[in-house]
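Here's the structure, in structure tokens; my notes come after.
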Amino acid sequence: MRAGEDLAQIRINTGISVIVPTYREAENIPHLLAELDRLRRDYDLTLEVLFMDDDSRDGSVEAVAASGFDWARIIVRTRDRGLSPAVLDGFRAARHPVLVCMDCDLSHPVDAIPQMILGLASGQQFAIGSRYVPGGSTDDDWGLFRWLNSAIATWLARPLTKVRDPMSGFFALRKADFDAARGLNPVGYKIALELIVKCGMENVGEVPIDFSDRRFGESKLTLKEQLKYIQHLRRLYLFRFANAMYLLQFLVVGASGVVVNLAVLSGLQLAGLAPWICLAGGIGVSLVTNFLLNRRFTFSYARGRHAGRQFVGFVGASMVGLAVNYAVALWLSHKILTGAYGLQVSAMIGVAAGMIFNFLGNRYIVFRKRYVRD
Ligand code: GDD
């Protein structure tokens, strides 16, 4: 079966909405429209193009109007600015069952679109233009910094998806899948990564593309946008590996509590106090610091709730863990670890034994989720 025949089949049942986020791209709009028009005629596509513009006021509106294409529209947005929200708004406004997202700056080759559509027609849930599969490439003049930047960003996303180039802003999916998606709240640029993770896209096709640097205008990818990627990654990790992430953060806070615990009990020991008082003092102080840190970081989604009540709950829920902690540490220090630093080592083992009880009590009782903000 020839590619053209497949595509013609799709055209009968469906059309394609190409969503292009724009900010100050007036210079590029006529060139991209010319390319898309060529594609439209070559494949006899039913096509609409939506420029989602964040109030550029640079002649973008006029550029779309001047094209005279009745299949091209520009939507000027004045609220909730940013690349990702603009794309999501475009997807909502789209009229056709297949959605394509691409940049306006001609860095994404329109000729890859038919292959993406064929991928979806053959059962893929998501098709992405990829620089990092055989046949794909980036411009030769990418400096070391840009290359490293892209490589690190991609590597950080590796546990979230096997897709080789999830940083790409060139992709296609079905509108029905997008409409069914819940809880999308991307920050920054990586809208494809958001969709792949939140929609649980398993069957993702990567279409090799030659990514070329923009010829006109400037990239809007500032350092601030790049830092937002870290925030975005944290959200996605929490989404994908919720309990592992909570446990990890809880353990890090717990580790800080160990330091506090040891410092306090060592100080009390130096002051000549009895071992049971040293242990109790260490536990008491680390309890407070652990609460504050867990409330601020580990279970930050519950920060809006009453802190006093949470602290009472934290203490209550931690009692079982503390009892285990204290009993184990006391027993070890009396019976087994009676030598030098025996008290400190006993305390650490006690902390580890009690930690699991603390975590479960806090995660599922004190800081249980009522709604998801992150
Ligand atoms: N509406 C809107 N609002 N559009 C925006 C905004 C914004 O705040 N910021 C950027 N855009 C548009 C640009 O006008 C362009 O069409 C597209 O989003 C990509 O922005 P660029 O600033 O050109 O991004 P880039 O070239 O640095 O990044 C490219 O490579 C990344 C991977 O390295 C893009 O393809 C990204 O999508 C991709 O993730």
Side-chain angles (χ1 to χ4, degrees), residues 18-33 35-36 49-61 63-64 72-93 100-110 112-113 128-132 136-139 141-143 145-157 161 163-172 186-196 206-207 209-229 232-233:
V18 178
I19 308 305
V20 187
T22 55
Y23 186 64
R24 299 202 176 141
E25 301 286 2
E27 255 183 308
N28 284 311
I29 285 173
H31 299 285
L32 181 66
L33 279 175
E35 287 281 283
L36 288 168
V49 179
L50 282 184
F51 292 96
M52 302 304 297
D53 187 72
D54 277 1
D55 203 14
S56 300
R57 300 180 192 208
D58 66 339
S60 294
V61 173
V64 176
R73 288 190 281 153
I74 183 164
I75 295 179
V76 177
R77 310 170 70 250
T78 51
R79 284 188 302 175
D80 193 18
R81 291 167 185 237
L83 190 154
S84 292
V87 172
L88 295 184
D89 273 358
F91 283 174
R92 286 181 203 110
V100 172
C101 175
M102 69 188 301
D103 290 356
C104 191
D105 56 11
L106 309 174
S107 53
H108 299 148
V110 299
I113 292 177
I128 194 159
S130 175
R131 300 162 289 178
Y132 303 135
S137 69
T138 55
D139 262 358
D141 58 357
W142 266 31
F145 178 73
R146 189 160 176 200
W147 181 86
L148 212 61
N149 202 348
S150 176
I152 292 172
T154 307
W155 182 78
L156 288 173
T161 173
V163 173
R164 304 289 288 275
D165 192 4
M167 304 295 118
S168 173
F170 188 25
F171 56 88
V187 277
Y189 264 39
K190 305 308 167 195
I191 180 67
L193 182 63
E194 171 84 5
L195 289 162
I196 290 169
E206 293 198 67
V207 175
I209 59 163
D210 294 320
F211 182 94
S212 40
D213 278 337
R214 59 164 65 234
R215 271 178 283 160
F216 311 109
E218 288 171 1
S219 168
K220 285 88 195 175
L221 186 57
T222 56
L223 180 65
K224 192 173 154 207
E225 287 295 337
Q226 298 197 46
L227 290 177
K228 281 188 192 165
Y229 178 58
H232 191 195
L233 273 181

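First listed ligand is number 1; within each ligand, the first listed atom is number 1.
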Any chance CZ of Arg81 has more than 12 other-residue heavy atoms, nucleotides or ligands included, within less than 6.0 Å?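 Above 12, so yes.
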
Are more than 12 heavy atoms from other residues, nucleotides or ligands located less than 6.0 Å from atom CZ of Arg214?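 Count over threshold, so yes.
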
Given Phe51, which partner from the list Leu33, Ile75, Val18 fulfils the side chain to side chain contact (heavy atoms under 4.5 Å, CB included) test?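 Checked Leu33, Ile75, Val18 against Phe51; only one passes side chain to side chain contact (heavy atoms under 4.5 Å, CB included): Leu33.
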
Ligand 1 contact by [X], heavy-atom criterion under 4.0 angstrom:
X      : value
Ser107 : no
Lys190 : yes
Met52  : yes
Arg24  : no

Which ligand 1 atoms does [X] reach within 4.0 Å, using its non-hydrogen atoms?
X      : answer
Ala86  : 1 (N)
His108 : 35 (O)
Glu25  : 13 (C), 14 (O), 15 (C), 16 (O)
Asp54  : 1 (N), 2 (C), 3 (N), 7 (C), 8 (O)
Arg214 : 21 (P), 23 (O)
Cys104 : 16 (O)

Looking at Tyr132, does the NZ or CZ of Arg164 lie under 6.0 angstrom from its six-membered ring centre and within 45 degrees of the ring axis?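 The answer is no; the distance or angle limit is not met.
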
Geometric N/O contact [X] with ligand 1, under 3.5 angstrom:
X      : result
Asp53  : no
Arg77  : no
Arg131 : yes
Tyr23  : yes

Is it the side chain, the backbone, both or neither of Pro21 that has a heavy atom closer than 4.0 Å to ligand 1?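 Near ligand 1, Pro21 shows its backbone as well as its side chain.
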
Nearest 0.5 Å, what's the OG1-CZ distance between Thr22 and Arg77?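 Reported value, rounded in 0.5 Å steps: 10.0 Å.
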
Output the distance between atom CD1 (Ile191) and atom OG (Ser168), rounded to the nearest 0.5 Å.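 It comes to 12.5 Å.
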
Verify whether one side chain among Asp210 and Ser137 offers a donor that lies under 3.5 Å from an acceptor in the other.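 The answer is yes; a qualifying pair exists.
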
Check ring-ring contact (aromatic ring centres under 6.0 Å, His included) between Phe170 and all other residues, then give those that pass, not counting sequence neighbours.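 Phe170 satisfies ring-ring contact (aromatic ring centres under 6.0 Å, His included) with His108 only.
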
Asp165/Arg131 ion pair, N-O < 4.0 Å: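 Salt bridge: yes.
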
